[in-house]
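Some notes on the structure that comes next.
Counting convention: from 1, in listed order, for ligands and their atoms alike.
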Amino acid sequence: GGPASLCRFRGTLVGAVLGDCIGGEFEGTEPEEIPLDRVLRYLDGLEDETRGDCILQYSDDTAMTRCVADSLLTRAGFDEQDMARSFAKEYQQAPFRGYGAGVVQVLKKLAAPQLSDVYQPARAQFGGRGSFGNGGAMRAAPFALAFRDRADVKRYSRLGAMLTHSCSLGYNGAILQALAVHLSLQGALALPQDFLKTLISEMEEVEKDKSARSDARALNESEFPFCARLHRVKELMERNNVSIEEVISELGNGIAALHSVPTAIFCVLHCLEPREGLPDKYGGVERTVAYSLQLGGDTDTIACMAGAIAGAHYGIESISQAWQRCCEGAEEADVLAQRLHNMHHRAPPEG
Ligand code: R7I
Ligand code: MG
Ligand code: MG
């Protein structure tokens, strides 16, 4: 489909659910434990029609993405009170979805009816600096679907992440993920080098910020940490043979946004072409998810973010029906994506 076409919207949210559900199976494993043949055998099992009752449950990644999408739709834009309440309610109803250890405290505080500053609980995390986890980034895709204007995508993905992640290394990861989906929706992955160049220049702007600089210093990161990682993505892309070990050591596979968002972007770029060892029958989204699983670590979230970016590029038609049938919440994600497509293409209100 063309730029911002319906099939790209549907591919985004369905790709994210697939990554979360399928990646959940390998979460927290060491890469040595999941050689490619084990990943492929597992993925083959998803196509087995006799496993009719196979349902892979989604985790917090999808639960919170649904809250974001739903809130943006019902409020016809970003409403921090509504989104915060939606997170809190979702957590109360289904606390078993595998939330990060720290964010649970924020979600409990957000449920308090007398709370006036909904950003306050996030600011109290980790000794007052806030979380740098990838929980803001894992749910950022709907911001790219709801808003057409790049400045809005940046502004609202940041605020949406700050409801739980007040450290710039957390919310800037969400901005990066939203921007990657935003560009992919426009078809920007047709020119991968330009895609990266745009991301780097956008993130240079984002990371100029005073609190980004002081957080990076306080956490002993280099200046412009996301830009630095994106430069590494570029270097890895330019090489012919990149091992899983190198990807992990250069980019990470962990629960911090800094150690997972650039990794997810790399997975998408690396899998734009067929890759040795990955079946020819795979479409682009399947290839991307299969590749990212091999990294181990925070597989549900890395596959979820890579799945969203890849899904925005290849579109829903490229995604295996069998995989979709196996994943809890794939149909609901599809419906939300269609509604967000309408919102995206509606004229903005005057004034
Ligand atoms: O970021 P968050 O919502 O977790 C998301 C992850 C995804 O992988 C999901 O799939 C789910 O498995 O969890 O939750 P947080 O609790 O804010 O952050 C996640 C973890 O990162 C924390 O439990 C800490 O271990 C670590 N972390 C920090 N550690 C020290 N100092 C995050 N921020 C800090 C910090 O500032
Ligand atoms: Mg999860
Ligand atoms: Mg995870």
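For atom 32 (C) of ligand 1, the closest non-hydrogen atom on the protein side is S131 OG, 3.4 Å. For atom 36 (O) of ligand 1, the closest non-hydrogen atom on the protein side is R129 NH2, 2.9 Å. Of the protein's non-hydrogen atoms, F132 CE2, 3.1 Å is the one closest to atom 35 (C) of ligand 1. At the shortest separation from atom 22 (C) of ligand 1 among protein heavy atoms lies F126 CZ, 3.7 Å. At the top of the distance list for atom 6 (C) of ligand 1, counting protein heavy atoms only, stands N134 OD1, 3.4 Å.
L196 and L251 fall within the same hydrophobic cluster, defined by Ile, Leu, Val, Met, Phe, Trp and Tyr side-chain heavy atoms under 4.5 Å apart, directly or through other members. Side-chain heavy atoms closer than 4.5 Å link hydrophobic residues (I, L, V, M, F, W, Y) into clusters, and following such links, even through other members, never connects V17 to F87. If you chain together hydrophobic residues whose side chains sit under 4.5 Å apart, Y58 and L293 never meet in one group.
Heavy atoms of H165 approach ligand 1 to within less than 4.0 angstrom. In this structure, G98 is part of the shell of residues with a heavy atom less than 4.0 angstrom from ligand 1. At a 4.0 Å cut-off, not a single heavy atom of A256 sits close enough to ligand 1 to count as contact.
Annotation: D61 places an N or O atom under 3.5 Å from an N or O atom of ligand 1; distance criterion only. Between I255 and ligand 1, a contact under 3.5 Å exists for no N or O pair.
Checked for salt-bridge contact, K154 and E205 miss the test: no charged N lies under 4.0 Å from a carboxylate O. The residues E235 and R239 are annotated as not salt-bridged, no charged nitrogen and carboxylate oxygen being separated by less than 4.0 angstrom. In summary, R41 and D44 do not engage in a salt bridge, as defined by a charged side-chain N under 4.0 Å from a carboxylate O.
More than 12 heavy atoms of other residues, nucleotides or ligands sit less than 6.0 Å from atom NZ of K281. The environment of E331 atom CD is sparse: at most 12 non-hydrogen atoms of other residues, nucleotides or ligands sit within 6.0 angstrom. Atom CD of E238 sits in a crowded spot, with more than 12 heavy atoms from other residues, nucleotides or ligands closer than 6.0 Å.
Ligand-side atoms of ligand 1 in range of G130: 36 (O), range being under 4.0 angstrom from any heavy atom. Applying the 4.0 Å criterion to heavy atoms of D300 picks out, from ligand 1, the atoms 10 (O). Contact atoms of ligand 1 toward G135: 1 (O), 2 (P), 3 (O), 5 (C) (distance under 4.0 Å to a heavy atom of the residue). Taking a cut-off of under 4.0 Å to the non-hydrogen atoms of G102, the atoms of ligand 1 that pass are 16 (O), 23 (O). Atoms of ligand 1 found under 4.0 Å from any heavy atom of T301, numbered from 1 in the order shown, are 7 (C), 8 (O), 9 (C), 10 (O).
The side chain of D60, and not its backbone, has at least one atom closer than 4.0 Å to an atom of ligand 1 (non-hydrogen atoms only; side chain from C-beta on). Residue E27 touches ligand 1 through its side chain alone, judged by heavy-atom distances below 4.0 Å. Heavy atoms from both the backbone and the side chain of V103 come within less than 4.0 Å of ligand 1.
Between Y99 and Y91, the two ring planes are perpendicular [angle over 60°; tilted spans 30° to 60°]. Taking the six-membered ring where tryptophan is involved, the planes of F26 and Y42 are perpendicular, since the angle between them exceeds 60° and thus also 30°. The aromatic rings of H344 and F9 lie perpendicular to each other, with more than 60° between the two planes, well past the 30° mark.
Distances from atom 14 (O) of ligand 1 to the heavy atoms of G100, G24, S260, A137 put G100 nearest. Remark: among candidates T62, D298, V106, T299, the nearest residue to atom 8 (O) of ligand 1 is D298, based on non-hydrogen atoms.
For atom 4 (O) of ligand 1, a protein non-hydrogen atom is found at a distance below 4.0 Å.
A side-chain donor-acceptor contact under 3.5 Å links T62 and D20. Donor-acceptor pairing under 3.5 Å is recorded for the side chains of R139 and T164.
Looking at D300 and the Mg ion (ligand 3) together, the shortest N, O or S contact belongs to OD1. The name of the N, O or S atom in D61 nearest to the Mg ion (ligand 2) is OD1.
Look at M138 and the Mg ion (ligand 2): no N/O/S atom of the residue is under 2.8 Å from the metal. The nearest N, O or S atom of D60 is closer to the Mg ion (ligand 2) than 2.8 Å.
The OG1 atom of T301 and the OD1 atom of D298 meet at the Mg ion (ligand 3) at an angle of about 100°, given to 10°.
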**Study point:** Verdict with supporting geometry, R66 and E90, salt bridge (charged side-chain N to carboxylate O under 4.0 Å, His left out)
**Key:** CA-CA 9 Å; R66 286 165 67 141; E90 170 61 35; over 6 Å; no
